[in-house]
Amino acid sequence: MPLTLHNTLIKRKQPFTPIAPGRVTMYCCGVTVYDDCHLGHARSYLGWDVLRRYLRWRGYGVHYVQNFTDIDDKILNRAKAEGTTMVAVSERYIQRYFEDMHHLNVMDADEYPRVTEHIGAIHELIGQLAAKGYAYAAGGDVYYQVEQFANYGQLSGRSLATMQAGASGRDLAATAKANPADFALWKAAKPDEPAWDSPWGPGRPGWHIECSAMIRARLGATIDIHGGGGDLVFPHHENEIAQSQAANGKPLANYWLHNGMVTVNGEKMSKSLGNFTTIRDLLDGAWVGYPQPVDPMAVRLFVLQGHYRKPLDFTQDAIAASINSWQTLKAGLLFGDRHGVALAWPAANIQSPLQAPGPDDPWVERFQAAMDDDLNTPGALAVLFELAKGLQREGNRLVHEGKPQSSPDRLLEQWQTLMHLAQVLGFEVPDDSDTDAVSGDLDDAAIAGLIQQRQIARQQRDFATADEIRDQLAAVGIAVVDQPDGAVRWHRQ
RNA sequence: GGCGACAUAGCCAAGUGGUAAGGCAGAGGUCUGCAAAACCUCCAUUCGGCGGUUCGAAUCCGCCUGUCGCCUCCA
C-alpha cells in the first residue's frame, strides 16, 4: 500500500510519488522571528517533523528546507521598542526557536535559509516577473499583477471576481496598486528602516517573494512537498504559486500540505487574539492552566494524538490527559532499561534496542497502514500504546510477582518494536530520566534490615511500628510490597 | 456575504458500506492487619438532528442545526 497524502491543490488524498525515485524535496514555511513560538508553531513543526521522519523510515532520502523570515514589520517594531537592531531581535528568536524545538525533539532541517541572505535571488526573481509582464513598479514599490496569472486562486479555491466582491471594507484609495488583489514584491524604503538597493530603488522584500526565491535557490523550480499552516493557504501560498510558476513556467510544488490550527476555547490561538501559550511557558510550568513543568514528550503526545489537519483544542483537561498518557508510553519505552537485566537479555540488545523488526510484524503493519493513510498519528499511537501497556503490565508483574507471563524473548521483541516505532514518531526518553531515584543514603543492606524489622513488628502485630518503617522507606522512594505468601518485595520508585 | 472544514462516550480520539480502535478519567473485584502498588473485570445497541439510497450506513446522498478557519499579519 502506498503512502497517501492530502493535497490541498486537489483537496483530497493522493498517492505520494516523488519527482526523483527515492528522494524527496520538502519546504515548510518557517517562523517570523520577532517573538517566542507558541503551541500553534509547535503543532506545525511537530507535524512536519513526523512527516519527515516517516518518509525517512519509508526509505526516502529527504532534503528538508525551512526558512527564517528575518525581515518584517513586527521585527522592526520590536527592535524599535527595545532600542536595538533588527538583527539582534531576529538572532535572539532564532536561538530560542532552536531551544524550543530541540526540547520537543524536532529534528533540525537540512537548511535554514534567511531572507536577508537572499536579497540577490529576490531581485532576480522580481526582475524576471517584471520582464514577463507580471510585475509593475509604482512609487518605489513593485507589485505583482494577479490578473496576469491565469490560475490565480486555484490553491485556495477562490476567484478574483469573488475576492473583489468581498473586499469592500478596505481602504483601497491609499495604495498604489492597480488592482486591490495585487500584492507587493518590493516595498520602498521608509526612513530609519533597513533597506537594500535595488533596480527599483532602495527598499525591502514583500512578504511572499522570499519563499519563492529561497525555494528556487535551495531546491529548484519544482519541489515535492510544500507544507505550512492552514492559515497560509491564502494569500501566502497562493502568491508563492503565482510568483514561482509565472517566473519558472513549472509547478512550484506537487503536494501542498496544511496543518489545522490550535484553538483555545474553540478559537484560533494567535498573537493578535492574545490567547497564546508559548512552548517555553508550558514546559517551564508558567502556564496558568497547568502550573507545573510539563514534559516535552507529553506536549508531543498532545499534538500527535490528533490528526494534523484537524483543529486541536488546547485545554487543561487535554494536557493533563496527555501528561498521564505519556507515563504509560514512557513505562513501555523504559522497560528494557528497567527490566532487561532481570530478564537476562543480552547486554547488546539493552543498549541498542533500535534493531528494526521484520516488515511482516503485525504491529509494524498496523502502524504503517495508519501512517500511510495521510499520517494518521492517532491510529499509529494506538499501536504504540498497546505495546507499551503490555510491557508496563509485564514489568509490574516482574516487580510484584517475581516473573512476567510472557517469555523474555517475546518481551525483548515487543520492546524493540516499540522503541523502533516510537522513534519514527519522535518519542524518546532522555537517558538520565530513570536514574534520579531519591533513595537517599540507604543502601540495599540497610533497606533489607529495615524490612526485616518491619516483618518482625508485623508478626508481633505491632502495626504502628510496621507502618512507621514503611513510611520511612516511602519517604526515600522505596516501595514495599507485601505478598500473599507472607514474603516482602521492595523496589525503588 | 464568498470559499472551505468539522460535529463519535465525562475528556482526547481512530474508524469513510458489514455491525464502534486506542489513551485519560471513572466504577467494581482480587490481594492486604490496614494501606499503597499491582493484577482482573466493567465503562457508546450507538456515532449533532431529520429524511433518502442499500440486504446492511458513524461511514454514501439531501436538507437542517451548531462550531471553527480563510477572505487583513498569522504555523
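In what follows, chains carry the letters A, B, and so on, assigned in the order in which the sequence lines appear, proteins first and then strands, with residues in each chain numbered from 1. Note: hydrogens, waters and symmetry copies are ignored here, and every other heavy atom, side chains too, is used. Because the structure is a prediction, the values reported are computed rather than measured.
Among the atoms of the strands shown, base atoms are found under 4.0 Å from some heavy atom of A:Arg454. Backbone-only engagement by A:Gly30 is indicated by non-hydrogen atom pairs under 4.0 Å involving sugar-phosphate atoms exclusively. Residue contacts for A:Val480: at a heavy-atom cut-off of 4.0 Å it reaches a base atom on one of the strands shown. Here A:Thr315 lies out of heavy-atom contact (under 4.0 Å) with every strand. A:Gly266 comes within contact range of the sugar-phosphate backbone alone, with a heavy-atom separation under 4.0 Å but no base atom that close. Backbone-only engagement by A:Ser156 is indicated by non-hydrogen atom pairs under 4.0 Å involving sugar-phosphate atoms exclusively. Across all strands shown, A:Arg397 has heavy atoms under 4.0 Å from sugar-phosphate atoms exclusively, and none from any base. Nucleic acid contact class of A:Asp467 (heavy atoms, under 4.0 Å, all strands): base. A:Asp231 comes within 4.0 angstrom of a base, heavy atoms only. Contact annotation for A:Asn396: backbone-only contact, meaning every heavy-atom pair under 4.0 Å involves sugar-phosphate atoms and none involves a base. Within the 4.0 angstrom heavy-atom criterion, base atoms lie near A:Val262. Across all strands shown, A:Glu386 has heavy atoms under 4.0 Å from sugar-phosphate atoms exclusively, and none from any base. Residue contacts shown for A:Phe302 are absent, as no nucleic acid heavy atom lies under 4.0 Å away. Counting non-hydrogen atoms under 4.0 angstrom, A:Lys268 reaches a base of the nucleic acid.
Separating the P atom of B:U45 from that of B:A36 is a span of 32 Å, rounded to the nearest Å. On the P atoms, B:C12 is 28 Å away from B:G62, given to the nearest whole Å. For the P atom pair drawn from B:G23 and B:A13, the interatomic distance equals 16 Å after rounding to whole Å. Here, B:U65 and B:A75 have their P atoms 35 Å apart, quoted to the whole Å.
Applying the side-chain hydrogen bond (donor to acceptor under 3.5 Å, both in side chains) test between A:Thr263 and each of A:Asp313, A:Thr315, A:Asn275 identifies A:Asp313 as the sole match.
The partner of B:G62 is B:C50, by the rule that a Watson-Crick or G-U pair needs both atom distances under 3.5 Å. The pairing partner recorded for B:A14 is none, the criterion being a Watson-Crick or G-U wobble arrangement whose two distances lie under 3.5 angstrom. Of the nucleotides present, B:G69 is the one that pairs with B:C3 by Watson-Crick or G-U wobble criteria, both distances under 3.5 Å. B:C42 and B:G26 make up a base pair, with Watson-Crick or G-U wobble contacts both under 3.5 Å.
Taking atom CD of A:Gln455 as the reference point, atom P of B:U32 lies 14 Å away to the nearest angstrom. In this structure, A:Lys330 places its NZ atom 17 Å from C1' of B:G23, rounding to the nearest Å. Between the P atom of B:C39 and the CD atom of A:Glu394 lies a distance of 9 Å, rounded to the nearest Å. One can place CD of A:Glu267 at 10 Å from P of B:C70, the figure rounded to the nearest angstrom. Distance, A:Leu381 CG to B:G22 P: 14 Å, rounded to whole Å. B:C3 atom P lies 20 Å from atom NE2 of A:His258, rounded to whole Å. The nearest whole Å value for the distance from the CG atom in A:Leu39 to the P atom in B:C12 is 17 Å. Residue A:Asp313 contributes atom CG, which lies 16 Å from atom C1' of B:C24 at whole-angstrom precision.
Mapping A:Ala382 and A:Ala466 onto RNA chain B by nearest heavy atom places A:Ala382 at the nucleotide closer to the 5' end. The nearest heavy atom of RNA chain B to A:Ala321 and to A:Ser270 marks one nucleotide each, and the one closer to the 5' end goes with A:Ala321.
A donor and an acceptor atom sit less than 3.5 Å apart, one in the side chain of A:Asp482 and one in the base of B:C34. On a pure distance criterion of 3.5 Å, a polar donor-acceptor pair joins the side chain of A:Arg470 and the base of B:C34. At a cut-off of 3.5 angstrom, the base of B:C73 holds at least one donor-acceptor pair with the side chain of A:Lys74.
In summary, the aromatic rings of A:His400 and A:His491 are positioned with their centroids under 6.0 Å apart. A:Phe367 has its ring centre less than 6.0 Å from the ring centre of A:Trp57.
Ranking B:G69, B:C6, B:C12 by closeness to the A:Gln305 side chain, first place goes to B:C12. Checking B:A75, B:C24, B:G2 against every side-chain atom of A:Met269, the shortest atom distance belongs to B:A75. You'll find that the side chain of A:Cys29 is closest to B:A75, out of B:A38, B:A14, B:A75.
In this pair, A:Tyr152 and A:Phe183 present their aromatic rings parallel. The plane angle is below 30°, not in the 30 to 60° band. Classification of the A:Tyr97-A:Phe68 ring pair by plane angle, with boundaries at 30° and 60°, yields perpendicular.
Stacking annotation: A:Phe385 is not stacked on the base of B:G23 (requires ring centroids less than 5.5 angstrom apart and an interplanar angle below 30 degrees).
Applying the 4.0 Å criterion to OP1 and OP2 of B:G69, one finds that A:Lys310 has every side-chain N and O outside that range. The side chain of A:Asn324 places no N or O atom within less than 4.0 Å of a non-bridging phosphate oxygen (OP1 or OP2) of B:G23. Residue A:Lys11 places none of its side-chain N or O atoms closer than 4.0 Å to OP1 or OP2 of B:C3.
A side-chain donor-acceptor contact under 3.5 Å links A:Arg78 and A:Tyr93.
For the pair A:Lys177 and A:Tyr144, the cation does not sit on the ring face, since its NZ or CZ is not both under 6.0 Å from the ring centre and inside 45° of the axis. The side-chain tip of A:Arg158 points at the ring of A:Phe234 from less than 6.0 angstrom away and within 45° of straight on.
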